[in-house]
Amino acid sequence: ISEFNQGTGTITQLLDHVEVCFVPIVNVDGYKMISEAYAKDKSFLEIRKNRNPGKMGDCKNEDMGVDLNRNYGNHFGANEFGSSKKPCDEDYRGPTAFSEPETQAIKKFIEDHPKVKVGVNY
């Protein structure tokens, strides 16, 4: 860190030649639901899905939405392992790849920045 502050060292040299972009929150709806639950009774929810009601049929409120991590185009719906085509399932991938506004926005960001070489999703 001291080398970075002084403008010397490997990190400074790297950042002089690399653009780093951060997208802090993609699933704003899920984040909001988790925050509200914690504020209400200090419970920790594990919400992977957005809250898009779409065509959820008989799903309970907490089961509606699409698991955004499974809504990208790479091998979308290739099999039933790791994602589901059933809307009420926790790992529901959505009706089509990039069907959700959140994944569409990330796709557009990547397309608009053709020099992107790596992405980290945590």
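A quick note: this is a predicted structure, and the numbers were derived from the prediction, not measured.
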Using a 3.5 Å cut-off and no angle test, enumerate the donor-acceptor pairs between side-chain atoms of residues 17-26 and protein atoms at least two apart in sequence or in another chain.
| unit_1 | atom_1 | unit_2 | atom_2 | d |
| --- | --- | --- | --- | --- |
| His17 | ND1 | Gln13 | O | 2.8 |

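A salt bridge links Glu36 and Lys32; the closest N-O separation between the charged side-chain nitrogens and carboxylate oxygens is under 4.0 Å.
At a cut-off of 3.5 Å, with distance as the only test, no side-chain donor of Ser83 or Arg70 sits close to an acceptor on the other residue.
Closest of all the heavy-atom pairs between Tyr92 and Lys85 is CE1-O, 3.4 Å. Across every non-hydrogen atom of Ser99 and Gly94, the tightest pair is OG-CA, 4.2 Å.
Residue Asp112 qualifies as enclosed at atom CG: its count of foreign heavy atoms under 6.0 Å is above 12. Under a cut-off of 6.0 angstrom, the local environment of CD in Gln104 is crowded, with over 12 non-hydrogen atoms contributed by other residues, nucleotides or ligands.
A donor-acceptor pair under 3.5 Å is absent between the side-chain atoms of Asp89 and the main chain of Asp91, judged by distance alone. Side-chain N or O atoms of Asn50 include one that pairs as donor or acceptor with a backbone N or O of Val66 at under 3.5 Å. Under the 3.5 Å distance criterion, the side-chain polar atoms of Lys60 are left unmatched by any main-chain donor or acceptor of Cys88. Of the possible donor and acceptor atoms, none in the side chain of Asn71 sits under 3.5 Å from a partner among the backbone N and O of Ala97.
For the pair Asp29 and Glu102, the minimum side-chain heavy-atom distance is below 4.5 Å. No side-chain heavy atom of Lys86 sits less than 4.5 Å from a side-chain heavy atom of Glu80.
For Tyr38, the ring-ring contact (aromatic ring centres under 6.0 Å, His included) partners are Phe44, not counting sequence neighbours. The side chain to side chain contact (heavy atoms under 4.5 Å, CB included) check on Ala37 picks up Ser43, Leu45, with sequence neighbours excluded.
Once rounded to the nearest 0.5 Å, the distance linking CG of Asn27 with CZ of Arg51 reads 8.5 Å. For the atom pair Thr103 OG1 and Arg93 CZ, the distance stands at 14.0 Å (nearest 0.5 Å).
In terms of hydrophobic clustering, with Ile, Leu, Val, Met, Phe, Trp and Tyr side chains grouped at heavy-atom distances under 4.5 Å, Val28 and Tyr31 are assigned to a common cluster. Linking ILVMFWY residues whenever their side-chain heavy atoms come closer than 4.5 Å, directly or via other members, leaves Phe98 and Phe76 in distinct clusters.
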